[in-house]
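Structure first, commentary second.
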Amino acid sequence: MKSVKVTVFGKVLISGEHSVVYGEPALVASIDKRMEIELVEFKGYRLVSEVEDGAGLVRRALALGGVDPNGVKVKIWSEIPSGMGSSAAVSAGVIKAAYKWQGKKLGRQKWHELAWKAERLVHGNSSGVDPAAVIFGGLLWYVRGREIGKLKLKKPYRMVLVETGKPAESTGEMVSFVAERMKIYDLRFKKIVTELGKVSMKIREVMRKRGEIKDLMNENGVLLEELGVVGEKAIKISEKLRSMGWGVKITGAGGVKAGSGRLVVVGAELKTIRRMGYEAFEVKVGGDG
Ligand code: PMV
């Protein structure tokens, strides 16, 4: 029976979430957590039950990839934690698999264009940064619609990701939430977004020299708190971790009603953070540039 398999990786946003939607630069890295996607021929069967495909992302990605969603069965195995690029990985992975299925080549620019289109179904006004990380890999500099560049580091950074609880809001809802606030508090919010862009640029310069980014990550984290995308619980945890001398910010869209997703922490040892009672894991950033 005909089948094809594709492997893609998750991502961590180092800097630029939300401000990247408004044209400011972002720094993003792929992480060593994989998703495998397999397309298998699906003819002559009768569908008895189906696992829910949320917003229909798999079907949309298949269609964008040029494959009839009724002709194939899609199997997905994933170790990508939620909020770390899962929907971008599904979008990009299914599209790549669809091209492979048809024996067609797919260049990275076109691949990004299609995966970004698919991802908009679940993220609304997405900046395209997540699919860029999944497709181009390594440590990336991303400006919406303008630039995707690789950053090469001599030695990777180790960052610890700390769980603050699953957000009640989706990424799309958080993007709309910021858009609403931008409309109401126009100048104040535009200033925060511009400041976030400046911090991303500074982080890039320091990372290039493999310097210390703790203070800049804190600056970034506090700006995201001011933007209103971080909930009380996550702010409290961030303050506690900052008091230990580490650099802390949320990574990703955040959330305010329940948890805010994960914090990215620089300068800390994973075991120390775990000993403090937090659920955490470590990622290597910029090691493959
Ligand atoms: O997918 P998340 O939750 O890591 O967030 C992506 C970053 C946002 O700026 C919030 C949205 C986007 O498309 O840029």
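In each ligand, atom 1 is the first atom listed, and ligand 1 is the first ligand listed. Since the structure is predicted, the reported quantities are computational estimates derived from the model, not experimental observations.
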| field | Test side chain to side chain contact (heavy atoms under 4.5 Å, CB included) applied to Ser19 - qualifying residues, sequence neighbours left out | value | Glu24, Val193, Leu196
If you look at every heavy atom in [X] and [Y], which pair is closest and at what distance?
| X | Y | answer |
| --- | --- | --- |
| Ala97 | Ile37 | CB-CG2, 4.3 Å |
| Leu140 | Gly137 | CD2-O, 3.6 Å |
| Leu227 | Phe189 | O-CE2, 3.2 Å |
| Tyr157 | Met207 | OH-CA, 3.3 Å |

Tell me, which protein residue and heavy-atom name are nearest [atom], and how many Å apart are they?
| atom | value |
| --- | --- |
| atom 11 (C) of ligand 1 | Val175 CG2, 3.8 Å |
| atom 4 (O) of ligand 1 | Lys11 NZ, 2.6 Å |
| atom 12 (C) of ligand 1 | Ser127 OG, 3.3 Å |

Would you mind running through ligand 1 and noting each atom that sits below 4.0 Å from a heavy atom of [X]?
| X | answer |
| --- | --- |
| His18 | 8 (C), 9 (O), 10 (C) |
| Glu17 | 9 (O) |
| His123 | 1 (O) |
| Ser126 | 13 (O) |
| Val129 | 14 (O) |
| Val21 | 9 (O), 12 (C), 14 (O) |
| Asp130 | 1 (O), 2 (P), 4 (O), 6 (C) |
| Val20 | 9 (O), 14 (O) |

| task | May I ask you to check whether Ala253 has an N/O atom sitting below 3.5 Å from an N/O atom of ligand 1? | result | yes
| query | Looking at ligand 1, does any of its N/O atoms fall within less than 3.5 Å of an N/O of Glu119? | reply | no
| Is ligand 1 under 4.0 Å from a heavy atom in the side chain of Thr251, in the backbone, in both, or in neither? | neither
| query | Just by modelled atom types, is the Gly128 backbone N or O under 3.5 Å from a matching donor or acceptor in the His112 side chain? | reply | yes
| task | Would you check if the side chain of Thr164 reaches a backbone N or O of Gly261 as a donor-acceptor pair within less than 3.5 Å? | result | yes
| query | Under 6.0 Å from the NZ atom of Lys155, do we count more than 12 heavy atoms belonging to anything else shown? | reply | no
| note | In terms of its nearest heavy atom to atom 7 (C) of ligand 1, the top option of Val178, Ile250, Leu13, Val229 is Leu13
| request: Scan Ile250, Thr251, Ile235 and name whichever one has a side-chain contact (heavy atoms from CB on, under 4.5 Å) with Leu224. | output: Ile250
| message | Are the side chains of Asp32 and Lys284 in contact, using a 4.5 Å heavy-atom criterion? | response | no
